[in-house]
Every structure is written in C-alpha cells, then in structure tokens.
Protein chains: 2
Amino acid sequence: MSDEQPDMPELKIESGSGAGATVEPLQLGKRLRQIRHNMNLTLEEASQKTGLARSTLSKIENEQISPTFTAVQKLAHGLDIDIPQLFAKPKSSMTSGRRVLTKVGEGTSHPTSTYEHELLSTELARKKMIPFKTRVRARSFEDFSDWVRHEGEEFLLVLEGEVALYTEFYEPISLQPGDSMYYDANMGHGLVSLSERDALVLWVVAR
Amino acid sequence: MSDEQPDMPELKIESGSGAGATVEPLQLGKRLRQIRHNMNLTLEEASQKTGLARSTLSKIENEQISPTFTAVQKLAHGLDIDIPQLFAKPKSSMTSGRRVLTKVGEGTSHPTSTYEHELLSTELARKKMIPFKTRVRARSFEDFSDWVRHEGEEFLLVLEGEVALYTEFYEPISLQPGDSMYYDANMGHGLVSLSERDALVLWVVAR
DNA sequence: CAATAAAATTTCCTATAGGAAACATAAAGT
DNA sequence: ACTTTATGTTTCCTATAGGAAATTTTATTG
C-alpha cells in the first residue's frame with residue numbers, strides 16, 4: 001500500500017573542490033545548522049549544551065562571524081560531534097551517491113568445507129566494508145589448520161544457531177542469536193557451530 | 001589445544017565510557033609548531049605562506065590566543081595540511097588484539113521519535129565501524145525534517161518487518177527480511193517501516 | 001666574549017568574535 | 001483578529017584575535 005511520494009527536500013551536494021586559488025569553500029555554518037536540525041535542537045538548547053550564546057550560534061550558522069577554535073571545541077563537545085568529521089569534506093572513496101540492493105539469497109556464494117559465505121554487495125568496488133552472511137559448518141576448532149588472520153576489524157552478529165568464537169589470546173566465547181562481537185582481525189580467529197545444525201551469522205569486515 | 005566443547009568463560013564488558021568529561025586537551029599549538037619544524041620553516045616563512053602575521057603564528061603556537069576558523073583555514077591551506085588530519089587525535093586505531101562482546105539487548109539504547117538505536121560495541125573507541133540494531137518507528141517520509149547525511153558508507157540488513165529505504169537521487173526501495181543495502185552515506189537517506197509494527201534492522205556505518 | 005644576524009616573543013593598536021538584551025518573526029492558543 | 005509563546009536575528013558593548021613594529025632571546029661569526 002502506501003506511497004505516493006512525498007516531495008523530497010532538495011539540498012544540493014556541493015561538489016567540493018572549488019578553484020584552487022581561493023581558500024576552502026567549506027560551509028561550516030550550513031553544516032552546523034544541518035547537524036543541529038538533525039538533532040532537533042533549538043538555538044537555545046544548543047546554547048545550553050555548548051555554553052555559547054544563542055546569538056553567537058546564530059551568527060556562526062549564518063556565516064556572519066568566524067568562530068574561534070575554542071568556540072568550535074565547545075560546539076563539538078556539546079553536540080557530541082568530533083572535529084575531524086566536522087571539517088572533513090563531504091567526499092567518499094566510494095563514488096558518491098551510489099547504492100546497491102541484495103535480495104535475500106541473491107548474494108554470490110563461496111562454499112568451503114567449514115563455511116559457506118554469501119557475499120552481499122559485490123557490485124560496488126572500493127567500498128570500506130565487506131558484508132557477508134555465513135553458514136557455519138565447522139563443528140570444532142580442529143577444523144581449522146591455523147588461525148584466520150588479516151588486516152582490519154570485524155563485526156559479527158549471530159542470526160541463527162549457537163556459535164563459539166575462538167580468538168587468540170582469549171578463551172573461546174559462546175554466542176546466541178542476537179549477540180554480537182567486535183574484534184581486531186589481526187588477532188587470529190575462527191568460528192564453529194555449537195549445535196547440531198549449521199549456524200548463520202552476519203559478518204562485516206572493514207579494512 | 002582444543003577440546004571440542006570449549007568452556008565458555010564470560011568476557012567482562014568494560015562499561016566505562018566516561019572518558020572526556022572535561023573539554024578536549026587537544027594541543028593545537030604544539031601540533032602546529034611540530035609541523036612547522038618538520039617542514040624546516042621559520043615563522044617568517046610560514047607567515048608568507050599562510051598570509052598570517054609572524055606574531056599571530058607565534059601566539060597561536062604558544063596557545064596565547066585561540067585562532068579563528070578563517071585563520072585555521074589559511075594555516076591549513078598555506079602549509080598544505082588538511083584540517084581533519086590536523087584535529088585528528090594522534091592515537092592509533094583500535095588497540096591491537098582487542099575484542100568485545102555485546103549480549104542481545106545489552107547495547108546502549110538511543111531512542112528518538114523515529115528510531116530506537118541500540119549501539120552494539122560502544123566500549124571500543126576509535127573503531128572503523130559502528131554497528132547498531134535499530135527499531136524503525138518512522139512510518140512515512142514526512143517523519144523526517146530533512147535527509148540524514150554524513151561522512152562514510154552504510155550497510156543495512158533487514159532483520160524483521162518490511163521497510164522502505166528512501167535515498168536522494170533514487171526512488172525509495174522496499175526491503176524484506178534478509179535483504180540488504182550498501183550505500184554512500186553522504187547521499188541523503190531515511191528508513192521507514194511499511195508494516196503495522198516496527199521493523200528491526202542491523203546497521204553498520206564505516207567512516 | 002663581544003658584535004652581529006636571525007628567529008621568536010611581546011607590545012600596542014585596530015578589527016572582529018562573543019555575550020546580553022532588544023527586536024523580529026513564526027507558531028499556537030484564546 | 002489579538003495575545004501569548006517559542007525560535008531566530010540584530011543591536012550594542014566588551015573581550016579578544018590579528019597585524020605592524022619594537023623588544024627580547026637565540027644562534028652565528030669575528
């Protein structure tokens with residue numbers, strides 16, 4: 001049912017690099033106003049959180065003044081945004097404005113003896129994360145010849161079944177559906193199913 | 001090693017997030033002085049490159065004044081350092097060999113009118129990904145004041161219910177349990193539940 | 001150790017950021 | 001409509017950032 005489509009608010013993405021000669025075209029004011037609106041805050045509330053005056057905030061957002069660094073610090077701290085992110089250009093490694101859908105069961109499958117990985121977003125190259133759904137066939141730690149170990153970090157969420165995550169330096173830990181783990185992938189790791197049937201987990205790797 | 005059935009010790013969750021009650025002790029001045037020295041520049045030379053007065057640079061480096069944002073821009077532009085990097089904490093990423101468990105339902109909850117986010121691995125600071133499980137309360141696009149838009153990329157997997165992902169530049173797309181999306185987060189986006197009840201999704205953000 | 005040169009700091013003044021309150025505008029209630 | 005209430009803007013004034021030149025400190029050379 002549903003949807004007629006509501007008209008969507010338009011807001012153009014500034015393409016970033018202007019002509020090199022002049023200084024940054026970074027619109028700090030607009031950026032801050034957007035953040036504040038996303039948080040559903042009024043100037044008064046933001047003022048209380050940051051310790052800056054309403055008027056000052058207004059002027060900063062309207063780019064009538066250039067805030068001092070201490071002001072920026074108060075802003076970032078009060079609104080809980082980190083400064084690098086605030087100044088980062090709205091650019092991404094992934095070609096801007098892309099998206100990809102993977103319907104259930106339609107990822108590309110990579111079966112091994114211990115796991116069956118279903119890669120979920122293969123179409124997009126150069127992305128920061130690699131997500132896949134994995135059927136865990138391994139039943140004991142001996143199923144591995146050695147630790148799996150690679151650059152980056154991993155996030156793991158159990159979807160079905162019961163698993164044990166073996167990691168170097170730690171005792172193995174058992175996980176139920178809904179439990180999640182986050183760990184450094186340089187640390188050796190391996191996953192086994194504890195129940196009769198295969199377990200199903202979501203895995204996301206960031207390099 | 002290895003028994004087949006590992007004992008399952010509990011891993012303590014370091015709940016203390018309390019770091020940083022006071023304001024950032026970020027030493028911008030020292031930082032800049034280091035950079036300038038690394039470039040073998042005198043204040044005079046730096047002055048010419050940046051367009052700021054010698055005296056001003058001196059005061060900034062000695063933290064006698066708090067530079068305005070425009071001054072910081074001139075600095076960054078003139079010395080060819082990018083601003084996010086300037087403010088980024090000199091700390092490495094995740095401390096090597098760490099891991100953290102989040103039991104089901106034990107993440108930190110952040111309810112809003114449209115979403116209820118359950119952050120899954122808050123204990124580890126400075127990690128590459130931010131995973132959270134979200135209950136989607138929004139029922140129509142009008143529930144949003146504006147697009148959500150931020151640095152990075154997002155992966156999304158539907159756990160329960162039926163949702164529609166609205167993204168800038170594209171038509172909204174409907175997703176069933178098991179379906180997943182991967183998209184650029186700079187592109188405005190918003191998620192609504194299509195069925196009667198709230199939907200449940202897993203979200204992972206990489207910056 | 002002088003004497004000189006070079007670099008960094010401090011002084012003084014002007015330009016501007018930041019705060020309090022007045023003003024303006026918008027939304028909601030009567 | 002009028003009044004009230006909330007939110008954003010502008011006005012003024014004070015505090016402070018930024019620039020030019022004087023002063024101090026640090027390095028270099030005879």
Side-chain angles (χ1 to χ4, degrees), chain A residues 6-7 9 11 22-81 83 86-87, chain B residues 22-81 83 86-87 112-114 140 142-147:
Chain A
D7 49 339
L11 213 167
T22 47
V23 200
E24 291 264 323
L26 178 50
Q27 303 279 58
L28 184 59
K30 310 236 186 212
R31 203 87 166 262
L32 285 168
R33 171 150 293 180
Q34 200 183 310
I35 291 174
R36 181 171 65 82
H37 279 150
N38 280 349
M39 290 180 169
N40 264 16
L41 292 177
T42 115
L43 281 178
E44 176 58 33
E45 294 165 323
S47 165
Q48 289 171 358
K49 280 182 183 293
T50 59
L52 294 167
R54 281 207 315 282
S55 52
T56 305
L57 293 175
S58 170
K59 285 182 247 180
I60 291 174
E61 289 187 354
N62 291 309
E63 264 138 21
Q64 295 176 13
I65 64 176
S66 173
T68 58
F69 178 61
T70 50
V72 173
Q73 279 188 126
K74 287 182 186 173
L75 257 166
H77 183 258
L79 300 183
D80 196 37
I81 47 185
I83 303 183
L86 188 62
F87 294 120
Chain B
T22 46
V23 193
E24 290 268 323
L26 179 51
Q27 303 280 58
L28 183 60
K30 310 241 186 211
R31 200 84 165 265
L32 285 169
R33 172 149 294 180
Q34 275 185 352
I35 293 174
R36 182 171 63 83
H37 278 149
N38 281 349
M39 292 178 169
N40 264 16
L41 292 178
T42 153
L43 280 179
E44 176 57 34
E45 294 165 323
S47 166
Q48 290 171 359
K49 280 182 183 294
T50 59
L52 292 167
R54 282 207 315 279
S55 52
T56 305
L57 293 174
S58 170
K59 288 182 236 174
I60 291 175
E61 289 187 355
N62 291 307
E63 262 137 24
Q64 294 175 12
I65 63 175
S66 173
T68 59
F69 177 61
T70 49
V72 172
Q73 280 187 127
K74 288 182 187 171
L75 256 165
H77 184 257
L79 300 182
D80 196 38
I81 47 185
I83 303 184
L86 188 62
F87 294 120
T112 71
S113 62
T114 45
S140 81
E142 281 100 349
D143 291 349
F144 307 103
S145 49
D146 194 5
W147 292 111

Item to complete: Return the nearest nucleotide to the side chain of B:R36; candidates are C:dA8, C:dG19, D:dG18.
Response: C:dA8
Worksheet, complete the sentence: Between CG of A:L57 and C1' of D:dT7 the distance, given in whole Å, is 13 Å
Worksheet item: At under 4.0 Å between heavy atoms, what does B:Q64 touch on the DNA or RNA strands: base, sugar-phosphate, or nothing?
Response: sugar-phosphate
Discussion item. What is the separation between atom CZ on B:F69 and atom P on D:dT16, rounded to the nearest whole Å?
Written reply: 22 Å
Practice prompt. Return the nearest nucleotide to the side chain of B:I65; candidates are C:dA8, C:dG18, D:dG18.
Written response: D:dG18
Worksheet entry | N or O in side chain of A:N62 less than 4.0 angstrom from D:dT9 OP1/OP2 | yes
Practice prompt. Figure out the CG/P separation between A:L52 and C:dA20, and round it to whole Å.
Written response: 11 Å
Response to the item:
Whole-Å distance, A:E44 CD to C:dA20 C1', equals 12 Å
Worksheet, complete the sentence: Checking C:dT9, C:dA17, D:dT9 against the side chain of A:T68 (C-beta onward), the nearest is C:dA17
Worksheet item: Closest nucleotide of DNA chain C for A:V72 versus for B:L41: which of these residues is on the 5' side?
Response: B:L41
Discussion item. Quick check: any donor-acceptor pair below 3.5 Å linking the side-chain of A:K59 to the base of D:dG8?
Written reply: no
Item to complete: To the nearest 0.5 angstrom, please state how far the CD atom of B:E63 sits from the CZ atom of B:R31.
Response: 11.5 Å
Worksheet item: Base, sugar-phosphate, or nothing for B:S58, non-hydrogen atoms under 4.0 angstrom?
Response: base
Discussion item. Go nucleotide by nucleotide along DNA chain D from the 5' end; which of B:I60 and B:R54 gets its closest nucleotide reached first?
Written reply: B:I60
Worksheet item: Any donor-acceptor pair under 3.5 Å linking the side chain of A:E45 with the backbone of A:T42?
Response: yes
Discussion item. When you measure only distances, ignoring hydrogens and angles, does the side chain of A:S55 come within 3.5 Å of the base of C:dA20 through a donor and an acceptor?
Written reply: yes
Discussion item. Nearest whole Å is fine: how far is D:dG18 C1' from B:E63 CD?
Written reply: 17 Å
Practice prompt. First locate atom NZ of B:K30, then atom CG of B:L32, and finally report the distance between them rounded to the nearest 0.5 Å.
Written response: 12.5 Å
Worksheet item: What integer distance in Å separates B:L43:CG from D:dT23:C1'?
Response: 15 Å
Discussion item. From CG of B:L75 over to P of D:dA17, roughly how many Å is that when rounded to an integer?
Written reply: 15 Å
Discussion item. From the set C:dT10, C:dG18, D:dT9, return the single nucleotide nearest to any side-chain atom of A:A71.
Written reply: C:dG18
Worksheet entry | Approximate separation, where rounding is to 0.5 Å, of B:L57 CG and B:K49 NZ | 13.0 Å
Worksheet item: Counting only side-chain N and O atoms of A:T42, is one of them less than 4.0 Å from OP1 or OP2 of D:dG8?
Response: yes
Fill in: Separation of C:dA8 C1' from B:R33 CZ (nearest whole Å)
8 Å
Discussion item. Base, sugar-phosphate or nothing for A:E61? Non-hydrogen atoms, less than 4.0 Å.
Written reply: nothing
Worksheet entry | Which residues share a side-chain contact (heavy atoms from CB on, under 4.5 Å) with B:T68, sequence neighbours left out | A:S66, A:T68, B:T70, B:A71
Worksheet item: Any sub-3.5 Å donor-acceptor pair from B:R36's side-chain atoms to B:L41's backbone N or O?
Response: yes
